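From a predicted model like this one, the values you see are computed outputs, not experimental measurements. In what follows, chains are A, B, ... by sequence order, proteins preceding strands, each numbered from 1.
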Protein chains: 2
Amino acid sequence: MNLGDRKKLILQAIIEDYINTAEPVGSRTISKKYLTGTSPATIRNEMADLEEMGYIEQPHTSAGRVPSDKGYRLYVDEIMEQKRLNDVQTDLIKKQFLDTLGEIDRLVKNASKLLSQMTQYTSIILTPQLKRTSVKQIQLLSINNKTVLAVIVTDAGIVKNCVLRVMSDVSSELLEKLNNMLNSKLVGLCMEDLQSLSLDDIARNTMPHGEIIEQLLPELIQTLIYSDTVDIHLDGAANILNLPEYCDIQKAKSFLNVLEEKELLFNVLSKSDSDMNVSIGTENQYEQFHNCSLITATYKINGKTIGSVGVIGPTRMEYSKVISIVDCMTHNLSEILTKILKG
Amino acid sequence: MNLGDRKKLILQAIIEDYINTAEPVGSRTISKKYLTGTSPATIRNEMADLEEMGYIEQPHTSAGRVPSDKGYRLYVDEIMEQKRLNDVQTDLIKKQFLDTLGEIDRLVKNASKLLSQMTQYTSIILTPQLKRTSVKQIQLLSINNKTVLAVIVTDAGIVKNCVLRVMSDVSSELLEKLNNMLNSKLVGLCMEDLQSLSLDDIARNTMPHGEIIEQLLPELIQTLIYSDTVDIHLDGAANILNLPEYCDIQKAKSFLNVLEEKELLFNVLSKSDSDMNVSIGTENQYEQFHNCSLITATYKINGKTIGSVGVIGPTRMEYSKVISIVDCMTHNLSEILTKILKG
DNA sequence: GTTAGCACTCGTGTTTATCGAGTGCTAATT
DNA sequence: AATTAGCACTCGATAAACACGAGTGCTAAC
């Protein structure tokens with residue numbers, strides 16, 4: 001299983017050259033640019049071995065070699081050296097977050113934009129999800145006599161609004177009572193708990209306002225749950241058209257179409273639970289990504305995972321660079337979000 | 001200036017055929033498919049006239065004719081008959097809105113998605129903008145001792161949150177006083193007024209809490225103004241790759257790049273103040289759209305324009321169809337938004 | 001005013017030839 | 001035994017040559 005050192009060097013050369021050029025790389029190139037001490041013929045022999053082992057492939061007889069998914073995997077796991085971001089890049093990311101105090105969604109979207117700019121691939125990002133966060137405070141406000149606004153603050157510091165319509169008028173005293181009641185019943189519950197919450201549990205103990213509660217609560221909960229549908233945000237979709245593998249309009253189109261399947265992206269991204277995940281070509285669960293690679297990572301508030309970001313690119317991706325960037329990004333994002341929460 | 005009837009028919013034939021096929025259309029085609037009673041030669045003569053008048057163009061000597069921007073303009077203004085949506089399509093739009101009770105942003109984004117699906121072009125939409133709406137109610141909530149949440153309800157029924165950090169602790173009594181004060185001072189002002197609001201005016205009359213107000217108010221206003229930056233939402237960008245004019249990857253790329261210039265799109269869309277605007281090719285203010293056409297329209301709450309939607313496509317756009325769809329869409333959108341507001 | 005006929009243009013698609021990068025294999029070299 | 005030089009072979013890419021045909025403008029006849 002363990003390749004010889006020279007084989008590794010050759011595989012590394014093939015992969016890194018292919019990442020740069022998108023052209024099959026031949027023995028002569030390697031001999032000239034990477035292993036200057038070794039003749040093409042020797043390299044050819046090694047390459048034949050590497051091909052037999054499945055790390056590289058030949059598009060056609062008279063072409064150079066191209067890395068296979070298996071090859072990229074070995075490269076990511078064992079060969080590539082983790083590139084460190086230079087200070088300029090790190091600062092860029094940090095500065096980005098300093099500029100974006102304010103709404104969390106905007107923060108997250110800006111992160112996505114920067115991510116696509118820095119990587120030159122397509123970035124996707126999942127806006128914070130509240131499932132695992134709990135209700136900290138609820139405040140009902142009367143908008144007009146038939147409309148009530150519920151503001152919910154979660155322990156992750158995220159604020160959600162629900163506009164609720166009620167049949168009968170709600171006086172301000174009643175509103176306050178309802179408010180207290182809701183707080184006493186719901187505070188501390190996480191979004192998931194809300195889903196399974198039985199209406200009876202609440203209504204039973206609040207006879208006087210039973211009918212209002214019965215009207216209001218389901219709508220409140222439903223809106224909350226519904227509004228928890230996280231948003232997928234994309235950036236840099238056009239970047240992929242710079243890549244030679246998408247010079248074929250058909251391929252470009254199918255790629256872009258995949259990017260518009262928001263549910264698919266959601267699944268892919270929300271599945272990623274480990275801190276950093278690299279999925280190469282056919283390793284990917286979904287067929288649509290079989291000739292892409294996907295690097296995903298999660299970001300957290302107070303240690304709780306609440307969202308994730310990802311970069312989609314060709315299997316010929318600058319893994320080392322992208323991983324560093326995504327890593328730096330999620331860490332900064334987590335840090336700033338946690339800081340915002342704590343005030 | 002006024003073309004003969006036959007010239008109009010021929011122009012119409014050229015435009016409609018070109019819209020369908022994206023191929024230059026020749027005299028023979030017109031004679032066979034559109035003006036069966038007239039010979040190709042006659043049509044050629046007419047076409048020569050139309051070309052001289054600038055309504056059509058010839059890509060190269062031995063090709064058919066292609067409409068010019070001027071030609072499309074005439075077509076839109078005088079020739080084309082307003083297509084009426086069939087019931088299925090109208091229902092689709094109406095049903096769409098029924099399904100999407102809840103958050104306004106989501107509603108608007110879904111509208112955009114449907115728009116791109118129905119037109120098969122790219123749709124853009126501006127989320128509701130509050131500049132012209134006024135503050136109806138403000139409620140401060142304490143999140144923790146250093147953080148205050150301000151919830152602002154506008155007269156358009158849109159809710160905005162601002163998370164404010166304050167230096168010194170704020171007791172609940174103080175919070176209530178501040179709350180009352182803010183309401184008395186700010187309610188009724190529109191977002192634009194807020195911008196020019198002098199801090200002194202407020203602080204002067206509220207000596208006891210001067211320093212808190214001085215801290216809190218600017219941040220509140222700034223966040224409000226900042227959060228009023230409307231969001232641009234895109235859908236169906238990949239649709240344009242189905243069009244033969246974008247088979248050239250370079251063109252496709254430059255188009256997609258334009259779509260990622262959010263500020264540009266914002267300008268284009270927010271400039272559109274009339275109910276329905278068609279801008280064809282070089283008519284467009286921005287060079288980037290010189291070989292696109294843009295159909296924009298506004299939507300309203302209670303008669304106040306608060307946002308706009310648009311469709312971007314090739315100059316060879318199905319104007320009639322798209323105009324109908326956009327029209328139906330904005331009217332329904334306005335209606336449902338107004339209804340939501342009124343409860 | 002309309003139409004038929006015809007020579008001309010020019011983009012498109014096809015065929016054919018050439019080129020060259022890269023390979024695998026064998027034999028010579030270290 | 002590992003490395004390397006040499007060589008015949010493969011095959012995609014590029015370019016040149018060519019035929020095709022859709023479409024035009026013009027002229028002359030209807």
Side-chain angles (χ1 to χ4, degrees), chain A residues 3-11 13-15 17-18 20-68 71 244-245 247-249 251, chain B residues 3-11 13-15 17-18 20-68 71 244-245 247-249 251:
Chain A
L3 276 67
D5 276 355
R6 192 168 61 190
K7 280 200 176 54
K8 276 192 182 173
L9 283 175
I10 290 174
L11 182 58
I14 291 174
I15 290 181
D17 201 76
Y18 187 68
N20 285 325
T21 63
E23 302 276 312
V25 12
S27 52
R28 210 178 116 83
T29 311
I30 296 179
S31 163
K32 271 199 168 174
K33 290 209 318 201
Y34 300 91
L35 299 178
T36 39
T38 318
S39 82
T42 310
I43 291 170
R44 276 205 290 282
N45 290 331
E46 299 280 40
M47 293 209 298
D49 293 346
L50 282 170
E51 182 166 10
E52 202 175 350
M53 289 185 264
Y55 293 114
I56 56 180
E57 287 162 359
Q58 221 172 350
H60 53 263
T61 323
S62 75
R65 299 312 210 291
V66 157
S68 69
E245 32 269 277
C247 68
D248 175 10
I249 204 89
K251 284 182 185 165
Chain B
L3 276 67
D5 277 354
R6 191 167 61 190
K7 282 202 175 56
K8 276 191 183 173
L9 283 175
I10 290 174
L11 182 57
I14 291 174
I15 291 181
D17 201 75
Y18 188 67
N20 286 325
T21 64
E23 303 275 311
V25 14
S27 52
R28 211 178 115 83
T29 311
I30 296 179
S31 163
K32 271 201 170 172
K33 289 209 316 199
Y34 301 91
L35 299 179
T36 40
T38 317
S39 82
T42 309
I43 292 170
R44 275 204 290 282
N45 289 330
E46 299 279 40
M47 293 209 298
D49 293 345
L50 283 170
E51 181 165 9
E52 202 176 350
M53 290 185 264
Y55 293 113
I56 55 179
E57 286 162 358
Q58 219 173 352
H60 53 264
T61 323
S62 74
R65 298 312 209 290
V66 158
S68 69
E245 31 268 277
C247 70
D248 175 9
I249 203 91
K251 283 182 185 166

For side-chain contact (heavy atoms from CB on, under 4.5 Å), just list the numbers for A/Leu3 and A/Leu50, CA-CA rounded to whole Å, side-chain angles, deciding distance to a tenth of an Å, and then say yes or no.
CA-CA 9 Å; A/Leu3 276 67; A/Leu50 282 170; 3.4 Å; yes

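- The distance between atom CG of B/Asn45 and atom P of D/dG25, rounded to the nearest whole Å, is 9 Å.
- Computed from coordinates, the B/Ile30 CD1 to C/dT3 P distance equals 14 Å when rounded to whole Å.
- If you take CG of B/Leu35 and C1' of C/dT3, they are 15 Å apart, rounded to a whole angstrom.
- Listed candidates were D/dT24, D/dT4, C/dT2. Nearest to the side chain of B/Thr42 is C/dT2.
- Just one of B/Arg6, B/Lys7, B/Arg65 meets the salt bridge (Lys or Arg N to Asp or Glu O under 4.0 Å) condition when paired with B/Asp49; it is B/Lys7.
- Across the protein-nucleic acid pair, A/Ile43 atom CD1 and D/dA2 atom C1' stand 14 Å apart, rounded to whole Å.
- Side-chain N/O atoms of B/Ser62 and base N/O atoms of C/dT9 include a donor-acceptor pair closer than 3.5 Å.
- In this structure, B/Ala41 reaches the bases: a heavy-atom distance under 4.0 Å links it to at least one base atom across the strands shown.
- Shown here for A/Ile30 and A/Ala13, the closest heavy-atom pair between the two residues is CG2-CB, 4.2 Å.
- The base of C/dG24 is paired with the side chain of A/Arg44 by a donor and an acceptor separated by under 3.5 Å.
- DNA chain C is contacted by both B/His60 and B/Glu46; B/Glu46 maps to the nucleotide lying nearer its 5′ end (nearest heavy atom per residue).
- Across the protein-nucleic acid pair, A/Glu23 atom CD and C/dA21 atom C1' stand 11 Å apart, rounded to whole Å.
- Between the NZ atom of B/Lys32 and the P atom of D/dA22 there is a distance of 10 Å, rounded to whole Å.
- The distance from atom CD1 of B/Ile10 to atom C1' of D/dT24 is 15 Å, rounded to the nearest whole Å.
- Proximity note for B/Arg65 (side chain, C-beta onward) versus D/dT3, D/dT24, D/dT4: the nearest is D/dT24.
- Taking 4.5 Å as the limit, every side-chain heavy atom of A/Glu23 sits out of range of all side-chain heavy atoms of A/Thr29.
- Distances were taken from every side-chain heavy atom of B/Met47 (C-beta onward) to each of C/dA4, D/dT3, D/dT24; the shortest belongs to D/dT24.
- Nearest nucleotide to the side chain of B/Thr61, out of D/dC11, D/dA5, C/dT9: C/dT9.
- For A/Arg28 and D/dT4, the CZ to C1' distance is 15 Å, given to the nearest whole Å.
- Residue A/Arg44 holds its CZ atom at 10.5 Å from CZ of A/Arg28, rounded to the nearest 0.5 Å.
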